[in-house]
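Side chains included, hydrogens not; waters and symmetry mates left out as well; all remaining heavy atoms used. Just so it is clear, the structure is predicted and the values come from calculations on it, not from any experiment.
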Amino acid sequence: MGKLLRSPKILTGICLSGAFVILAIIGPLVAPYNPNTSLSTTNGTPMPPSAAHWLGTTQVQQDVLSQLLAGGRSTILVSLIAGAAATVLAVLFGVTAGYFGGWTDDLLSMLANIFLVLPALPLLIVIFGFLGKGANPNDIVIGVIISVTGWAFGARQLRAQTLSMRSRDFIDSARIAGERSWRIMTFEILPNLVPVVATSFLFTVIYGVGTYTALSFLGVISTSHWSWGTMLYWAQSAQAAQQVHLEWWWFVPPGLAVGLFGTGLALLNFGIDEFVNPRLRGASGGIAGRRARRAGLPGRPVLGLTPVLPTSRRAS
């Protein structure tokens, strides 16, 4: 764990994503105004940032900062729920398929392949169209529905890792000892797949952020339910980017928030991959690569060359 936390990617990702999670928890509590309240009924022009409104106002004089803080909770909550639910499905289907093999593997792999080729966004639009747009939709339900289209890729990865692990000696020993299949999968195989499960979770959280933002921007989710995608929807509806005086304060903050939160999660994902993947561990940008450069060795091994420390370095 100490080596993992020394990675700049991991540290930057934790800081970025952690800051947004904290913002999602306390954001609605510290919002200076009600995001639905029109602060003026006479001025129909969006106002730029000022001391009274740090991120300006919309054309109906709603505070953009309050909308950003209130919408962050919904966006991050939905993405985390989608990531957690999709990871549970990926573990359930992937590990089961890889461990049992045979017709079970064929059936579950076929199901995963179907969800991989299905166009996710049109499918979600159809599903939410049948559910209808309530004035205050449930974020948990939205996250679970999004997870249905995001679990298959992680399941394929976990299946491949389980296939390579099920014939190892410690798994055979557990079978000979009489352990049940569910116990072998839970206590023998799954702990060795924690890095893969972690990267699968982070990937599906990023997928959840992008998908929920897209659905809200398209108006599939109720436009009265504040999220970063809803802010972009209203900015586009008012043509904030097409005005003579560009109303950047209306659409740049939510777009930047989505990008920075996704960047933080992606850096965490890359950092974990760099730590657990032997091929990336010795790359020039990795932890071992930096140690090699400090020792005077090439960060990326050269084929056919055996790296040797200089005599002065070995003597010291």
(request) Would you mind listing every side chain to side chain donor-acceptor pair (under 3.5 Å) that reaches into residues 70-86, with sequence neighbours excluded? (result) S74-D139, S74-Y212, S74-H225
(message) Please give the remaining members of the hydrophobic cluster of V95, linking ILVMFWY side chains under 4.5 Å, ordered by chain and number.
(response) V91, Y99, F100, L158, M165, F170, I171, I184, M185, I189, L190, L193, V196, V197
(message) Please list all pairs meeting side chain to side chain donor-acceptor pair (under 3.5 Å) that have one or both residues in residues 230-239, counting only residues at least two apart or in different chains.
(response) S227-T230
(message) Using a 3.5 Å distance criterion without hydrogens, assess whether the side chain of S147 forms a donor-acceptor pair with backbone atoms of A82.
(response) no
With a 3.5 Å cut-off and sequence neighbours excluded, list the donor-acceptor pairs that the side chains of residues 252-271 form with protein atoms.
unit_1	atom_1	unit_2	atom_2	d
T263	OG1	G259	O	2.7

(request) Examine distances only and state if a side-chain atom of S216 and a backbone atom of T213 form a donor-acceptor pair shorter than 3.5 Å. (result) no
(message) Run the side chain to side chain donor-acceptor pair (under 3.5 Å) test against T87 and tell me which residues pass, sequence neighbours left out.
(response) none
(message) Restricting to side-chain contact (heavy atoms from CB on, under 4.5 Å), what partner residues turn up for T37, sequence neighbours left out?
(response) N34, L39
(request) Only counting residues at least two apart or in another chain, list the ones meeting side chain to side chain donor-acceptor pair (under 3.5 Å) with S109. (result) D105, R159
(request) Can you sort out the partners of R175 under salt bridge (Lys or Arg N to Asp or Glu O under 4.0 Å), two or more places apart, ordered by chain and number? (result) D172
(request) Could you list all the ring pair (Phe, Tyr, Trp, His ring centres under 6.0 Å) pairs where at least one residue sits in residues 137-169, not counting sequence neighbours? (result) F93-W151, F115-W151, F153-F203
(message) Run the side-chain contact (heavy atoms from CB on, under 4.5 Å) test against Q59 and tell me which residues pass, sequence neighbours left out.
(response) P46, A238, W250
(request) Sequence neighbours left out, what passes side-chain contact (heavy atoms from CB on, under 4.5 Å) with T186? Give chain and number order. (result) W182
(request) For residues A198 and I272, report the shortest heavy-atom separation together with the two atoms involved. (result) CB-CD1, 4.1 Å
(message) Return the CD1 to CG distance between I26 and L69, rounded to the nearest 0.5 Å.
(response) 8.5 Å
(message) For S50, give me all partners under side-chain contact (heavy atoms from CB on, under 4.5 Å), at least two apart in sequence or on another chain.
(response) A52, H53
(message) Is it the case that the side chain of Q61 and the backbone of T45 share a donor-acceptor pair, with hydrogens and angles ignored and the cut-off at 3.5 Å?
(response) yes
